[in-house]
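Everything quoted here is computed from the prediction, not taken from an experiment.
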Amino acid sequence: MFGFGVLKGMSVTLWNFILSYIYPKKGITTVQYPEKKKEVEERFRNFPFLVYDGTPDNMRCVACDICAKECPPKCIYIIPEKDAQGRIQKKPATFDIDYAICMNCGICEEVCPFDAIFMDHEYELSEYDRLSDLMYPKEKLLKPVEHFMKIRPTDCGAIEAQRAAKGIKGRAAQVQSAPAATVKPAETQQNPPANA
Amino acid sequence: MEASDTIFVAFKKAILGFLQGFLPDWTVVIVSILISITAIAIFGPVTMMYLTWLERKVVGRIQNRYGPNRVGIFGLLQPIADGVKMLTKEDIVPQAADKVTHFLAPVIVVIPALLVFSVLPFGKGMAAVNLNVGLLFFLAISTMSTIAIFMGSWGSRNKFSLLGGMRAVAQMVSYEIPMVMSVVPVILVTGSLSTVSIVEAQLGGKWFVFTPWGFFAAIVFFLCGVAEVNRTPFDLPEGESEIIAGFHTEYSGMKFALFYMAEFMSAFAISGLTATLFFGGWDGPFLPSWVWFLIKAYAMIFIMIWFRGTLPRLRVDQLMGFAWKLLLPFALLNIFVAALWQLLPAPKNLIVAGAAEAVVLVVIFVAARKDSPQKRTYIFAD
Amino acid sequence: MDALHILAKLGIFAAMLVTLTAAVMVVTLRNIFHCALALILVLLGVAAAYISLKAEFFAVIQILLYVGAIMTLVIFAIMLTSRIGDKTILQNNRQGLISFALLGLFNVFFTGAVLKTSWNLNPAAMAANVDAGVLGAAFMNEYVFPFEIISVVLIVALVGAIILGRADQ
Amino acid sequence: MSETALHSQEPQLLEVSIGPQHPSTHGVFRMNVVLDGETIVKLKPVMGYLHRNHEQLAENMSYLASMPYTDRLDYICSMTNNFAYATAVEKLAGIDVPERAQYIRVLMAELTRLVNHTLLVGFLLNDLGAFFTPILYAFREREKILDFFEATAGSRMMCNYFRFGGLKSDLPAGGLEQVKKIVNNYSRFLDEFERLLTNNEILRSRCQNVGILSKELAVSASITGPMLRASGVNYDIRKVDKYSIYDRFEFKVPLGKVGDVYDRYYVRILEMRESIKILQQILKQMPEKGEIISAKGAAAGKSPRMWKPPAGDAYGRIESPKGELGFYLVSDGTPKPYRYHVRPPSFINITILEDMCLGYKVADAIIILGSVDIVLGEVDR
């Protein structure tokens, strides 16, 4: 009747109050952020990064510009490298991702035929200036495969197994085995690289 | 036990004795008054600061989180940090505001909140002033905050604060009467208005809350006290979700802190008074007297914070209905039961008063049944 | 001890001075809301006067009833009359001279009467019977009849107010 | 000083604008309210502060590219937005969805319903004045579900998990155990929530007979979702369309009688209990193995820029926690949709706010708005 519903409600809050003291594991849900960090799930996706095998200059990306075209908010900007004679090379000279615009949706990772771009787990990226500091150039984007293996073991394992099965070796191996001019890496047959 | 009980009184006597030596005696009288004033002037704001801390901690724990724990060990320095923040915040006065009233409101709202402490008996012989109309003084001074709140809301020329002001005045006026009525049985039994003699009447564990009429009078008085202080579930004048911050929407910086301080100090005063009237003030077995008073006052404060962490807010007309249709008749009937209790000799009065109280409860519940919300049924279609 | 008395006297004079200035402000301030606040100050001054005459019970009743209830309703009334609160109306008019003359006349009679009557002031007697309990007993014994009539009048006023309020429901 | 004293002869009407900068309008939403004392005489909702031109954007991007944007429509239940968009495109292009993907889709939709209704009850109590306690209990439970979303889809709120013809990826290794744990102790949380709220006299007196929505008005204003069912109309798209595999689960549809704020609150609590029943049935019937995306779906996802659905139009709709969420797509054979339109339940449910609020007090208008359960991302698109 009048007042008992209120008392029942108050008993719930009192129970939570006592629970937070006698059994903090269940009663307290706060994670003390700077000291203890809540570990992220394996498939957690934050901003993308570029993968390279071994040394940074033999990165997997071949500047095919598919991810730039597929990216919904258009935050990737690629200019392929040109060699002495002005011919287009299979490496990006500049590869900028504007982290301020990227909404970490993961579409670039899906559509990249060369397994060159993946979503990172790093989320402490706050900067002072939004325009210049958040525009990540190629150097800041490049990370070794080991880093990818460390943060996403199952996905990376599956992709590495796939690459090994298809016999795709890292860029270093490719360059020695075939003349630099017209390299026809196996994986680009299905869609011709429509570079700009 | 005796020494620790009147430690503060002895401390004051020591100072006076020391001053007696070289000061003319009329200055010693003034000094003794000044000592009590400074004691209250320090105790008031300090309780306010640590009540804000206690509230954030308790409500935090109710909501499965810690509450402030970064500034100082258990967040104990948080109130000081808040104070500094309030001081450094810019003090904006709206351009259309009525400058005089806008400035005076926070000043006048703090005066009653502090004056009211002078009557509370903190411990044996530790009531600052033993007025023989102490209780009435408390009730009279606490009505003055209504006017200050209204000045604040009227002066800031803002529609939301106007709504808040109207609600505040309507609420305070209509909760003043049940509050006074619920105190009448206590005066009837002790025969005196002075808070100190009320506590003396309850010495030795004979607290009024154990008597049939006292228990319900305590509930009514506490509810009216919560309404008087504008705290949940009666915090309509500053209903955050409806009218932003009600009467203190246009205040920022130290002026807002003064409103905040007045609210918390009068919350402590009301809990102190409830403890004095119904829970035997500083009467308690082992601990020194003033410790008992603080325990009881903080118990009342815990209940107020517990209300705040649980209950939603009443609407304006329900608030009025609750006061006029439920609390006031209940308090009036309670006076008769108390008279009955006072009249009859010791053993019989408990039974008779208990029966009378039961009848009163049934009458009130039946009367309130009509407009109390009913249960709902739902059908499950597929 | 006389120093204390002088101080007390000074305090009382200061309180009375404040009350008088507040009274003058009530009639001269332009914003009507400020006048209401000045009126509250006057009533508090009267309470201070009661305290200085050691009649605490009256002082507290004065604050509780006048300042707490009546002035709140006066402010409510000001606020509800449409748009009157923030208008500043000129308080004075041309009949200042005549009113001062009449006032002077009235003062002459008033001070004359005050000076002539012999107040049998002996503080001991006065301080004795001002306690609340004595007052309560007096209400119930010698003055029970006027007490009942007043309560009837109040009940009638209350019922009238409710009917008026409900009229345009 | 009762309310009637305020009705002096010429009522002093107070024009107040509640929002967009207001603590309880669930985002940037404004109500121009004309008050007589505290009672509402006129109310005009003003929206559009969060308009992001979603539909025009979608018409200049490929079909898959606007999938992450659908997360941001109703940012509390992103999974159901993806579900509705995926259903619409599958209907347009005639893509089939494999068995296990259907089960996971319904699993995600029902979990989002739990999240949305728990949050709604929390925010409604916040508007009523309960100082953040119910909302923080709601958040505590929501965290567990969001952790599961992060483990499967990669992000807590912006999941972007559905693809045309199935899903982006399968459940992670410990996924099913996580769901079992959530579903098993969710009903215990609901009992605690009900003990705190349902019989609370203050909540009851504040919410009963406030903001009554009659059946006829609800149907004529094409209201959908729990608001409609609280007024007693039995219309739940899961039962009407029987889309996806909802016909395999047996669950009830709770209906209210009076259609006031209290009914809308309690119907949502009962719906949560029904969702738990569905989730338990899913956990029992879900096939262990099975492909996650159909062949045609995979082809569409290979290079979204090139994928051209057949010309024509389609309207796919699902029962999102707020009502009937529909996507109307017109394709002219090019990779970009010719016309892309979203039928947002929040926007349509908010149109009759004035009819529900007239005659009530300011405090009631706030909780009526709260009970309608709008999310400004969906209202303004």
Asker: How far apart are the closest heavy atoms of B/Phe137 and C/Val60, and which atoms are they?
Answerer: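 That would be N-CG1, 3.6 Å.
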Asker: At their closest point, which heavy atom of C/Val67 faces which heavy atom of B/Ile147, and how far apart are they?
Answerer: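 Of all heavy-atom pairs spanning C/Val67 and B/Ile147, the closest is O-CD1, 3.3 Å.
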Asker: In this structure, are over 12 heavy atoms from other groups packed under 6.0 Å from C/Leu97 atom CG?
Answerer: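 Counting other residues, nucleotides and ligands, CG of C/Leu97 stays at 12 neighbours or fewer.
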Asker: Got more than 12 heavy atoms from elsewhere within 6.0 Å of CD, C/Glu142?
Answerer: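 Enclosed: over 12 neighbouring heavy atoms sit under 6.0 Å from CD of C/Glu142.
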Asker: Can you find a heavy atom in the side chain of B/Val169 that is under 4.5 Å from one in the side chain of C/Ile75?
Answerer: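 Side-chain contact under 4.5 Å: no.
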Asker: Report yes if some heavy atom in the side chain of B/Glu176 is under 4.5 Å from a heavy atom in the side chain of C/Leu64; otherwise report no.
Answerer: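 B/Glu176 reaches C/Leu64 side chain to side chain.
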Asker: Using the rule given for side chain to side chain contact (heavy atoms under 4.5 Å, CB included), can you reason through B/Asp98 versus C/His34, listing the C-alpha separation, both sets of side-chain angles and the distance that settles it, and then say yes or no?
Answerer: CA-CA 10 Å; B/Asp98 171 353; C/His34 294 176; 2.8 Å; yes
Asker: If you take all heavy atoms of C/Phe57 and B/Leu193, which pair is closest and at what distance?
Answerer: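 Taking every non-hydrogen atom into account, CE1-CD1, 4.1 Å.
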Asker: Take a 6.0 Å sphere around NZ of C/Lys9 and say whether it holds more than 12 heavy atoms from other residues, nucleotides or ligands.
Answerer: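 Counting neighbours around NZ of C/Lys9, 12 or fewer heavy atoms of other residues, nucleotides or ligands fall under 6.0 Å, so no.
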Asker: Please look at B/Ile30 and chain C and tell me whether the side chain, the backbone, both or neither of the residue comes under 4.5 angstrom of a heavy atom of that chain.
Answerer: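 Side chain of B/Ile30 only, per the 4.5 Å heavy-atom cut-off to chain C.
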Asker: Using non-hydrogen atoms and a 4.5 Å limit, figure out which bit of B/Leu104 sits close to chain C: side chain, backbone, both or neither.
Answerer: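 Contact with chain C: none, neither part.
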Asker: Would you say B/Met144 and C/Leu44 make side-chain contact, with heavy atoms under 4.5 Å?
Answerer: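 Yes. Closest side-chain heavy atoms under 4.5 Å.
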Asker: If we only count heavy atoms from C-beta on, is the C/Leu7 to B/Trp26 side-chain gap below 4.5 Å?
Answerer: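 Of all side-chain heavy-atom pairs linking B/Trp26 with C/Leu7, at least one is under 4.5 Å.
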Asker: Relative to chain B, which segment of C/Leu37 carries a heavy atom at a distance below 4.5 Å: side chain, backbone, both, or neither?
Answerer: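 Just the side chain, heavy atoms under 4.5 Å.
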Asker: Would you say B/Phe330 has more than 12 foreign heavy atoms packed within less than 6.0 Å of its CZ?
Answerer: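 Yes - once you tally the heavy atoms of other residues, nucleotides and ligands closer than 6.0 Å, there are more than 12.
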Asker: At a 4.5 Å cut-off on heavy atoms, which part of B/Met172 comes close to chain C: side chain, backbone, both, or neither?
Answerer: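 Contact with chain C is absent: no heavy atom of B/Met172 under 4.5 Å.
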Asker: CG/C/Leu65 to OG1/B/Thr143 distance, rounded to the nearest 0.5 angstrom?
Answerer: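 Going from CG on C/Leu65 over to OG1 on B/Thr143, the span is 9.5 Å.
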